[in-house]
A.B. asks: 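Here it is, the structure, as structure tokens.
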Amino acid sequence: MASRLVWASRAASYLRISIPYRGFASVVKDLKYATSHEWVKVEGDKATVGITDHAQDHLGDVVYVELPEVGTSVKQDGSFGAVESVKATSDINSPVSGKIIEVNEELSSSPGLVNSSPYENGWIIKVEVSDSGELKNLMDSEQYSKFCEEEDSKH
């Protein structure tokens, strides 16, 4: 694939046209990842959840985030909301089970934070984790990067 990018860049240079360059999506080392492209950062019995840079890149510009109610219970791999973009609407699944203790209300007025800052300001919910053993079902950053490369190569 890299050789195709080099060839395309050389061809574009020769033809004096520009091509947009988008590197691989960023993956944060200390997070855990679900195959449905959500990330989770666990601190004690609290977890912050959002969608990955890879997911937001494939979705395109996010225009709406359906947020759940505080106090709602979530199950690992269960849907708790949705992200609507200019391309599609996708369910958001919880990487962990527990009770929602906070939602990112800022997303109601600024859903684009999911695109511009998926791992910081674009987080979606915070959960009180009920079963920390579920974390073993998730991928680390290296596994997730490989998963994304394999998934992208199929398309």
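Note that this is a predicted model, so its numbers are computed, not measured. The figures here come from the full heavy-atom set of this structure, side chains too, leaving out hydrogens, waters and symmetry mates.
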A.B. asks: If you measure from CD1 on I124 to CD on E66, what distance do you get to the nearest 0.5 Å?
C.D. replies: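 Output value for this atom pair is 11.0 Å.
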
A.B. asks: When you check the side-chain N and O atoms of E38 and T52, is any donor under 3.5 Å from an acceptor?
C.D. replies: no

A.B. asks: Can you tell me if N93 and H37 form a side-chain donor-acceptor pair at under 3.5 Å?
C.D. replies: no

A.B. asks: Measure from the side-chain N and O atoms of T72 to the backbone N and O of E69, and report whether any donor-acceptor pair falls under 3.5 Å.
C.D. replies: yes

A.B. asks: Between S85 (side chain only) and A88 (backbone N and O only), is there a donor and an acceptor less than 3.5 Å apart?
C.D. replies: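 Yes; judged by distance alone, with no hydrogens or angles, the pair exists.
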
A.B. asks: With no hydrogens and no angle check, do the side chains of Y64 and T89 hold a donor and an acceptor under 3.5 Å apart?
C.D. replies: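 There is no such pair between these side chains.
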
A.B. asks: Any chance CD of Q143 has more than 12 other-residue heavy atoms, nucleotides or ligands included, within less than 6.0 Å?
C.D. replies: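 Yes, because the 6.0 Å sphere around CD of Q143 holds more than 12 heavy atoms from other groups.
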
A.B. asks: Apply side-chain contact (heavy atoms from CB on, under 4.5 Å) to the pair E105 and V103, showing each step before the final yes or no.
C.D. replies: CA-CA 6 Å; E105 296 289 350; V103 297; 3.2 Å; yes

A.B. asks: So, does N115 use its side chain to make a donor-acceptor pair with the main chain of V62 at under 3.5 Å?
C.D. replies: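 Side chain of N115 to backbone of V62: a pair is present.
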
A.B. asks: Tell me, do Q76 and N137 make a side-chain contact under 4.5 Å, heavy atoms counted?
C.D. replies: yes

A.B. asks: Would K41 count as a cation-pi partner of W39, with NZ or CZ less than 6.0 Å from the six-membered ring centre and within 45° of the ring normal?
C.D. replies: no

A.B. asks: First locate atom SG of C148, then atom NE2 of H54, and finally report the distance between them rounded to the nearest 0.5 Å.
C.D. replies: 4.0 Å

A.B. asks: Between S97 and V129, is any pair of side-chain heavy atoms under 4.5 Å apart?
C.D. replies: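 S97 vs V129: side chains apart.
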
A.B. asks: Checking K46 side chain against E43 main chain: does a donor-acceptor pair fall under 3.5 Å?
C.D. replies: no

A.B. asks: When you measure from the side chain of N104 to the backbone of W123, do you find a donor-acceptor pair of N or O atoms at a distance under 3.5 Å?
C.D. replies: yes

A.B. asks: side-chain contact (heavy atoms from CB on, under 4.5 Å), that's the test. Do V127 and I101 meet it? Break it down for me.
C.D. replies: CA-CA 5 Å; V127 176; I101 55 174; 5.8 Å; no

A.B. asks: Treating S110 as the side-chain partner and G112 as the backbone partner, does any N or O pair qualify as donor plus acceptor under 3.5 Å?
C.D. replies: no

A.B. asks: Looking only at heavy atoms, what is the nearest atom pair of V96 and V40, with distance?
C.D. replies: CG1-CG2, 4.3 Å

A.B. asks: Treating Ile, Leu, Val, Met, Phe, Trp and Tyr as nodes and any side-chain heavy-atom pair under 4.5 angstrom as an edge, say whether I125 and L135 lie in one connected cluster.
C.D. replies: yes

A.B. asks: Any donor and acceptor pair, going by atom type alone, linking the side chain of D53 with main-chain N or O of S26 inside 3.5 Å?
C.D. replies: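 Yes: the side chain of D53 pairs with the backbone of S26.
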
A.B. asks: Indicate if L107 and I100 have the same hydrophobic cluster label, given that clusters are the connected sets of ILVMFWY residues with side-chain heavy-atom separations under 4.5 angstrom.
C.D. replies: yes

A.B. asks: Strictly distance-based, threshold 3.5 Å: is any side-chain N or O of S117 a donor or acceptor partner for the main-chain N or O of L113?
C.D. replies: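 Absent.
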
A.B. asks: Rounded to the nearest 0.5 Å, how far does OH of Y144 lie from CD of E151?
C.D. replies: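 Taking CD in E151 and OH in Y144, the distance rounds to 7.5 Å.
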
A.B. asks: Applying side-chain contact (heavy atoms from CB on, under 4.5 Å) to L31 and L138, what does each step give before you reach the verdict?
C.D. replies: CA-CA 10 Å; L31 303 179; L138 302 173; over 6 Å; no

A.B. asks: How about I92 and I51: do any of their side-chain heavy atoms sit closer than 4.5 Å?
C.D. replies: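 With C-beta onward as the side chain, the pair touches.
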
A.B. asks: Show, in sequence, the C-alpha distance, side-chain angles and deciding distance for D152 and H58, and conclude whether the side-chain contact (heavy atoms from CB on, under 4.5 Å) test is met.
C.D. replies: CA-CA 10 Å; D152 285 352; H58 282 271; 3.3 Å; yes

A.B. asks: Kindly give the heavy-atom pair with the smallest separation between P111 and S108, and that separation in Å.
C.D. replies: CD-O, 4.3 Å

A.B. asks: Do Y33 and V28 have side-chain heavy atoms sitting under 4.5 Å apart?
C.D. replies: yes

A.B. asks: Within the supplied structure, the quantity of interest is the number of heavy atoms (other residues, nucleotides, ligands) at a distance under 6.0 Å from K126 NZ; does it exceed 12?
C.D. replies: yes

A.B. asks: Are side-chain N/O atoms of E106 and N121 paired as donor and acceptor at under 3.5 Å?
C.D. replies: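 No donor-acceptor contact under 3.5 Å links the two side chains.
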
A.B. asks: Using a 3.5 Å distance criterion without hydrogens, assess whether the side chain of E134 forms a donor-acceptor pair with backbone atoms of P95.
C.D. replies: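 A pair under 3.5 Å: no.
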
A.B. asks: Measuring from atom OG of S130 to atom CG of D45, what distance do you get when rounded to the nearest 0.5 angstrom?
C.D. replies: 10.0 Å

A.B. asks: Would you say V65 and V74 are hydrophobically clustered, going by side-chain heavy atoms of ILVMFWY under 4.5 Å?
C.D. replies: yes

A.B. asks: Do K75 and F80 come close enough that some side-chain heavy atom pair is under 4.5 Å?
C.D. replies: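 No, side chains not in contact.
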
